[in-house]
Protein chains: 2
Amino acid sequence: MALRYALLGLLAKNEATGYELNQQFKETVVHFWMAHHTQIYRELLKMEEEGLATSTTIQQSDYPDKKIYKITDNGFQMLLEWMLNKPVTIPKLKDDLLLRVSMFHFLPAKQAISLLEKSKEHHQMGLMMTKKWREEHFPEGTYGQNELGEYLTSEFGVRYMESWLSWCDWAIEELKKKG
Amino acid sequence: MALRYALLGLLAKNEATGYELNQQFKETVVHFWMAHHTQIYRELLKMEEEGLATSTTIQQSDYPDKKIYKITDNGFQMLLEWMLNKPVTIPKLKDDLLLRVSMFHFLPAKQAISLLEKSKEHHQMGLMMTKKWREEHFPEGTYGQNELGEYLTSEFGVRYMESWLSWCDWAIEELKKKG
DNA sequence: TTCTACATGTAATGAGTTACATGATTAC
DNA sequence: GTAATCATGTAACTCATTACATGTAGAA
């Protein structure tokens with residue numbers, strides 16, 4: 001059910017096509033939720049059936065036709081209800097590199113370190129991109145009133161990746177000690 | 001497919017029943033993977049069919065019978081293969097509190113803060129438990145040779161929750177500024 | 001000429017969740 | 001008498017992933 005609310009949250013800011021929603025997911029929502037385009041299109045269809053959004057099809061000559069979705073009052077109400085009343089719990093990570101780390105005693109230190117190095121590269125890349133995105137969107141820490149959420153979550157993203165990288169360096173040191 | 005490797009990783013250390021594997025999940029693996037017991041039992045059956053593990057049923061009089069699973073050579077080979085050759089990518093978070101944070105511009109600051117406070121409680125609790133677990137299992141930072149993985153991942157858990165809490169405090173301050 | 005952006009989807013499969021079922025024992 | 005621990009599972013359902021499909025335009 002959570003994908004639905006992620007989509008409602010984006011639509012509450014602006015009407016958009018499935019394609020655009022997918023772009024926005026990749027750009028921002030990715031710090032804490034991830035969805036495939038196939039899943040987004042499917043969910044949008046269901047949301048329309050249930051009266052949470054409406055769509056208008058726009059004919060285009062050069063490009064394929066597109067469908068613009070708008071949130072309904074009903075959809076917005078449902079979003080607020082969910083935000084306030086869904087019980088808060090501890091989130092469930094699913095990280096398959098960490099899963100491998102938990103079995104590092106079965107691997108020679110060298111190969112374990114190499115896995116961590118590769119993962120560091122990805123996180124370094126992600127960190128750079130997120131920082132750049134923040135600088136573009138929130139120059140000098142300023143943000144519009146409907147950007148508060150993204151301001152807070154992108155800061156989370158930065159901190160998360162930084163803490164990941166520093167843990168990684170620590171773990172590499174531990175592995176080197178062991179030989 | 002990852003649940004399967006999580007189970008193989010645990011079985012590679014000790015033979016165990018589905019019930020025990022579920023306990024171990026709750027205790028340690030929970031930092032980066034989560035599974036329901038129903039899923040664990042289903043996966044174990046499949047793993048046996050595919051020759052990655054074998055089981056022996058033990059009759060008990062006072063308690064229900066139990067099935068002890070052992071990893072096979074085949075299973076262990078497959079585990080190593082996966083650890084080394086599965087491409088390293090950036091993990092996909094799914095955190096539904098952060099999803100709500102990303103929509104905080106739709107909520108009065110007071111209610112937003114209250115959600116963060118609730119989440120802080122959960123993370124504080126988790127942090128305490130993990131620290132306690134670490135003290136019990138690794139007194140003065142010492143660990144057995146087949147505990148390296150858990151030593152590294154539980155440190156990750158601690159850092160993750162600490163960084164979560166500190167971000168949370170920062171976010172609460174931001175929200176207070178806005179009123 | 002190959003790749004990327006545009007734009008939307010179906011079908012099949014795999015993974016995860018919830019509800020239900022059984023039934024004794026022990027601790028509060 | 002209420003709940004937790006031990007121990008295993010089925011069935012129904014929802015959610016997520018991968019592969020496939022279509023077709024144009026413009027940039028490298």
Side-chain angles (χ1 to χ4, degrees), chain A residues 1-8 15-27 29-30 32-50 53 55-69 82 86-87 89-96 99, chain B residues 1-8 15-27 29-30 32-50 53 55-69 82 86-87 89-96 99:
Chain A
M1 284 291 109
L3 172 60
R4 149 163 319 193
Y5 298 105
L7 294 170
L8 286 173
E15 53 179 40
T17 64
Y19 188 84
E20 287 162 347
L21 291 165
N22 189 40
Q23 303 308 109
Q24 291 174 46
F25 257 83
K26 281 194 207 153
E27 219 184 87
V29 187
V30 87
F32 49 87
W33 209 270
M34 151 72 197
H36 285 263
H37 70 114
T38 51
Q39 218 185 329
I40 291 173
Y41 287 119
R42 240 198 288 109
E43 193 63 32
L44 286 168
L45 289 174
K46 271 199 260 166
M47 285 162 64
E48 195 175 8
E49 271 175 37
E50 294 175 37
S55 74
T56 332
T57 304
I58 308 281
Q59 236 89 28
Q60 295 188 125
S61 47
D62 296 3
Y63 294 108
D65 296 353
K66 62 182 177 182
K67 254 163 100 178
I68 297 178
Y69 286 89
W82 176 78
K86 155 119 209 203
T89 56
I90 211 152
K92 301 147 200 219
L93 289 193
K94 296 241 158 164
D95 184 327
D96 91 28
L99 182 53
Chain B
M1 284 290 111
L3 172 59
R4 150 164 317 191
Y5 298 106
L7 293 170
L8 286 172
E15 55 178 40
T17 64
Y19 188 85
E20 288 162 347
L21 290 167
N22 189 39
Q23 302 308 108
Q24 291 174 48
F25 258 83
K26 281 195 206 153
E27 218 185 86
V29 186
V30 87
F32 49 89
W33 211 271
M34 150 72 195
H36 284 263
H37 71 114
T38 52
Q39 218 185 329
I40 291 173
Y41 287 118
R42 239 203 282 113
E43 193 64 32
L44 286 169
L45 290 174
K46 272 199 260 167
M47 285 161 63
E48 195 175 10
E49 270 176 36
E50 293 174 37
S55 72
T56 333
T57 302
I58 308 281
Q59 237 89 28
Q60 295 188 125
S61 46
D62 296 1
Y63 293 107
D65 296 354
K66 60 181 179 183
K67 253 163 100 176
I68 298 178
Y69 286 90
W82 176 80
K86 155 116 209 204
T89 55
I90 212 154
K92 300 147 202 223
L93 290 193
K94 297 238 159 166
D95 184 326
D96 98 21
L99 182 52

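By convention in this document, chain letters (A, B, ...) are assigned in the order of the sequence lines, proteins followed by strands, and residues within each chain are numbered from 1. Here the structure is a predicted model, which is why all the values come from computation and not from measurement.
- Side-chain atoms of A/K94 and B/K92, non-hydrogen and from C-beta on, never get closer than 4.5 Å to each other.
- Nucleotide C/dG9 holds its C1' atom 15 Å from the CD atom of A/E48, rounded to whole Å.
- To the nearest angstrom, C1' of C/dA11 lies 13 Å from NE2 of A/H37.
- In this structure, A/L45 and A/Y69 approach most closely via the heavy-atom pair CD2-OH, 4.1 Å.
- Where A/G18 and A/K92 meet DNA chain C, the nucleotide closest to each residue was compared, and A/G18 sits on the side nearer the 5' end.
- Taking 4.0 angstrom as the limit, A/Y41 places none of its side-chain polar atoms (N or O) nearer than this to OP1 or OP2 of C/dG9.
- You'll find that the side chain of A/K66 is closest to C/dA7, out of C/dA7, D/dC6, C/dG9.
- The interatomic distance linking A/L45 (CG) with C/dG9 (C1') rounds to 8 Å, in whole Å.
- As rounded to whole Å, 13 Å separates atom C1' of C/dA7 from atom CG of A/L21.
- The shortest side-chain heavy-atom distance between A/K66 and A/T56 does not fall under the 4.5 Å cut-off.
- A/E27 places its CD atom 13 Å from the P atom of C/dA5, with the value rounded to the nearest Å.
- For B/T38 and D/dT10, a side-chain-to-base donor-acceptor distance below 3.5 Å is absent, hydrogens and geometry of angles not being considered.
- Within the 4.5 Å cutoff, no side-chain heavy atoms of B/I68 are placed close to those of B/T57.
- One interatomic measurement links the two molecules: CD of A/E20 to C1' of C/dA7, which rounds to 10 Å at whole-angstrom precision.
- The nucleotide whose nearest atom lies closest to any side-chain atom of A/W33 is, among C/dT18, D/dA7, D/dA16, D/dA16.
- Contact annotation: B/H36 reaches the phosphate of C/dT17 (side-chain N/O to OP1 or OP2, under 4.0 Å).
- Put simply, the side chain of B/E20 gets close to the backbone of B/T17: a donor and an acceptor are under 3.5 Å apart.
- Within the 4.5 Å cutoff, side-chain heavy atoms of A/L93 are placed close to those of B/L93.
- Look at A/Y19 and you won't find any side-chain N or O under 4.0 angstrom from OP1 or OP2 of C/dT8.
- Between A/W82 and B/L99 there is a side-chain heavy-atom pair separated by less than 4.5 Å.
- In this structure, B/I40 atom CD1 and C/dA15 atom P are separated by 15 Å, rounded to whole Å.
- Comparing C/dG9, D/dA16, D/dG9 by their closest approach to the side chain of A/L3 singles out D/dA16.
- Protein atom CG of A/L44 is 16 Å distant from nucleotide atom C1' of C/dT10, rounded to whole Å.
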Output one line per pair: protein atom, nucleotide atom from nucleotides 13-15 of chain D, and distance, for all N/O pairs under 3.5 Å.
from   : atom 1 : to   : atom 2 : distance (Å)
D/dC15 : OP1    : A/M1 : N      : 3.0

